Protein chains: 2
Amino acid sequence: MQSTDKWSCGITKVLDTFSGKWRLNIFWIISQNDGIGFNKLRNQVPEITNMMLIRSLNALLLENLISKKLTGSKAPFHSEYHLTDKSRELLPLLLELNDWGNHSLLKP
Amino acid sequence: MQSTDKWSCGITKVLDTFSGKWRLNIFWIISQNDGIGFNKLRNQVPEITNMMLIRSLNALLLENLISKKLTGSKAPFHSEYHLTDKSRELLPLLLELNDWGNHSLLKP
DNA sequence: CAGCATCCACGGAGATACTG
DNA sequence: CAGTATCTCCGTGGATGCTG
């Protein structure tokens, strides 16, 4: 989205980043379970498929909101997901947003 | 989106609320031009059509993020759009989010 | 001027089946 | 176990034309 003002760009990027159906949820779970593996992660997100989990993770990786570490040189492989420094900065803000949302949107 | 944790609900609602292609932009413009009219508003949002402006405004009205005041008893009608008390609380948070987005997403 | 009903196109979500 | 390649389907954005 283009914008004539100075702030929409940043916000819009944030929104886009978390726009997927699962991304925010996944991001949150990783933040609460640093180093969580693929399958554990999938079990924490009800109903999600391999496909959508991968796609969402890749999107978050692209934005450097999470990082991936591979362990195990041979199959079965294993991977661990972590937040990055910059995404950790975001957490308090998200918590505030959540409070506002619960307070002002859920009970209108 | 369902979630097993305590905060996703609020955040998700916020995200959904601003999920449209134009809503955030419109919200911002209204915040900067309290009482702005329909046409002025449309001129501030490049490329938007009547249709999409209306739809976006209605979505924001539904969530009580903006309010509408009608002026003029006969055609041509006129309407003014304002933020609401609760949405005004959101502004500082959005500014912070924007800073973070500009800082952490736009220059990776 | 402000707002709405309708129809269409496109992109992303999702199912399925497959690989290193 | 972790990740990928297609294909389908549906929701949302968008164009057009109409109304109080």
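Since the model is a prediction, treat every value here as computed from it, not as a measurement.
When each of B:S19 and A:S79 is assigned the nucleotide of DNA chain D bearing its nearest heavy atom, the one mapping closer to the 5' terminus is A:S79.
Across the protein-nucleic acid pair, A:L24 atom CG and C:dA13 atom C1' stand 17 Å apart, rounded to whole Å. Nucleotide C:dG20 holds its C1' atom 15 Å from the CZ atom of A:F38, rounded to whole Å. Between A:K69 atom NZ and D:dG3 atom P the separation is 15 Å, expressed in whole Å. Taking atom CG of A:L53 as the reference point, atom C1' of C:dA15 lies 16 Å away to the nearest angstrom. What separates NE2 of B:H78 from P of C:dG3 is a distance of 10 Å, to the nearest Å. Look at CD1 on A:I48: it is 11 Å from C1' on C:dG14, rounded to the nearest Å. Put simply, CD on B:E80 is 14 Å from C1' on C:dC1, counting in whole angstrom units. Atom CD1 in B:I54 sits about 13 Å away from atom C1' in C:dA5, given to the nearest Å.
Sorted by first and then second residue, the side-chain hydrogen bond (donor to acceptor under 3.5 Å, both in side chains) pairs with a member in residues 49-61 of chain B read B:R42-B:N50; sequence neighbours excluded.
When all heavy atoms of B:Q44 and B:I36 are compared, the closest pair comes out as CG-CD1, 4.2 Å.
Residues passing the ring pair (Phe, Tyr, Trp, His ring centres under 6.0 Å) test with A:F38, sequence neighbours excluded: none. Remark: B:D99 pairs with no residue by the side chain to side chain donor-acceptor pair (under 3.5 Å) rule, at least two apart or across chains. Scanning for ring pair (Phe, Tyr, Trp, His ring centres under 6.0 Å) contacts around B:F18 gives B:F27, with sequence neighbours left out. Under the side chain to side chain donor-acceptor pair (under 3.5 Å) criterion, A:N43 pairs with no residue, sequence neighbours left out.
Closest contact between the side chain of B:F77 and the listed nucleotides C:dC4, D:dG20, D:dG3 involves D:dG20. Nearest nucleotide to the side chain of A:M52, out of D:dA2, C:dG3, C:dA13: C:dA13. Comparing D:dG14, C:dA13, D:dC1 against the side chain of A:K21 picks out C:dA13 as the nearest. Listed nucleotides D:dT4, C:dA15, D:dG3 differ in distance to A:T49; the shortest reach to its side chain belongs to C:dA15.
Among the protein residues, A:N50 comes within range of the nucleic acid bases, having at least one heavy atom under 4.0 Å from a base atom. Within 4.0 Å (heavy atoms only), B:K68 reaches sugar-phosphate atoms of the nucleic acid but no base atom.
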What N/O pairs connect the protein and nucleotides 6-11 of chain C at under 3.5 Å? Give each pair on its own line.
unit_1 : atom_1 : unit_2 : atom_2 : d
C:dT6  : O4     : B:R55  : NH2    : 3.3

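The side chain of A:Y81 places no N or O atom within less than 4.0 Å of a non-bridging phosphate oxygen (OP1 or OP2) of D:dA2.
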Can you check side-chain contact (heavy atoms from CB on, under 4.5 Å) on B:N33 and B:K40, steps first, answer last?
CA-CA 10 Å; B:N33 302 271; B:K40 270 192 185 172; over 6 Å; no
